[in-house]
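Single-structure report; data block below.
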Amino acid sequence: MSSRRSRSRQSGGARISDDQINDLVSKLQQLLPEIRNSRRSDKASAATVLQETCNYIRSLHREVDDLSERLSELLATTDSAQAAVIRSLLSQ
């Protein structure tokens, strides 16, 4: 096991094994549409999975920002009663 992969985790001090890393990379891979939907899914390297994970998280952040902006615009154009209903639904 390489020393790079056997470093202590910040929380606790437990060591993470190569098998645990491989399992976590595999779980990440299953969550990524770009890899999951491609034919190369079982051939993707850990580096590819981690890069795609970063890309996917960035795209989700952009989508959240876009949806937040659209919601703000919607709330600004509705009357106060409708806006109050929308806000109460969102806070649930």
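Computation of the quantities below employed the complete heavy-atom set of this structure, encompassing side-chain atoms and omitting hydrogens, waters and symmetry-equivalent molecules. Everything quoted here is computed from the prediction, not taken from an experiment.
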Residue list, side chain to side chain donor-acceptor pair (under 3.5 Å) with Gln51, at least two apart or on another chain:
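For Gln51, the residues satisfying side chain to side chain donor-acceptor pair (under 3.5 Å) (neighbours in sequence not counted) are Asn55.
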Which heavy-atom pair separates Tyr56 from Leu31 by the least distance, and what is that distance?
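Closest approach of Tyr56 to Leu31, heavy atoms only: CE2-O, 4.0 Å.
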Considering all heavy atoms, the nearest Val25-Ala46 contact
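Val25 and Ala46 have their closest heavy atoms at CG1-CA, 3.9 Å.
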In Å, rounded to the nearest 0.5 Å, how long is the span from [atom1] of [X] to [atom2] of [Y]?
X: Leu75; Y: Ser80; atom1: CG; atom2: OG; answer: 11.5 Å
X: Ile57; Y: His61; atom1: CD1; atom2: NE2; answer: 6.5 Å
X: Leu28; Y: Glu52; atom1: CG; atom2: CD; answer: 11.5 Å

For a quick check under 3.5 Å, do Ser45 and Thr48 share a side-chain donor-acceptor pair by atom type?
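Yes.
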Short question: side chain of Ser26, backbone of Asn22 - any donor-acceptor pair under 3.5 Å?
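Between the backbone of Asn22 and the side chain of Ser26 there is no qualifying donor-acceptor contact (under 3.5 Å).
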Do the non-hydrogen side-chain atoms of Ile16 and Leu24 ever get within less than 4.5 Å of each other?
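Ile16 reaches Leu24 side chain to side chain.
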Treat each ILVMFWY residue as a node, draw an edge where side-chain heavy atoms are under 4.5 Å apart, and state whether Leu67 and Leu60 are in one component.
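No; Leu60 is not reachable from Leu67 via cluster members.
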Partners meeting salt bridge (Lys or Arg N to Asp or Glu O under 4.0 Å) with Arg70 (sequence neighbours left out):
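So Arg70 forms a salt bridge (Lys or Arg N to Asp or Glu O under 4.0 Å) with Asp66.
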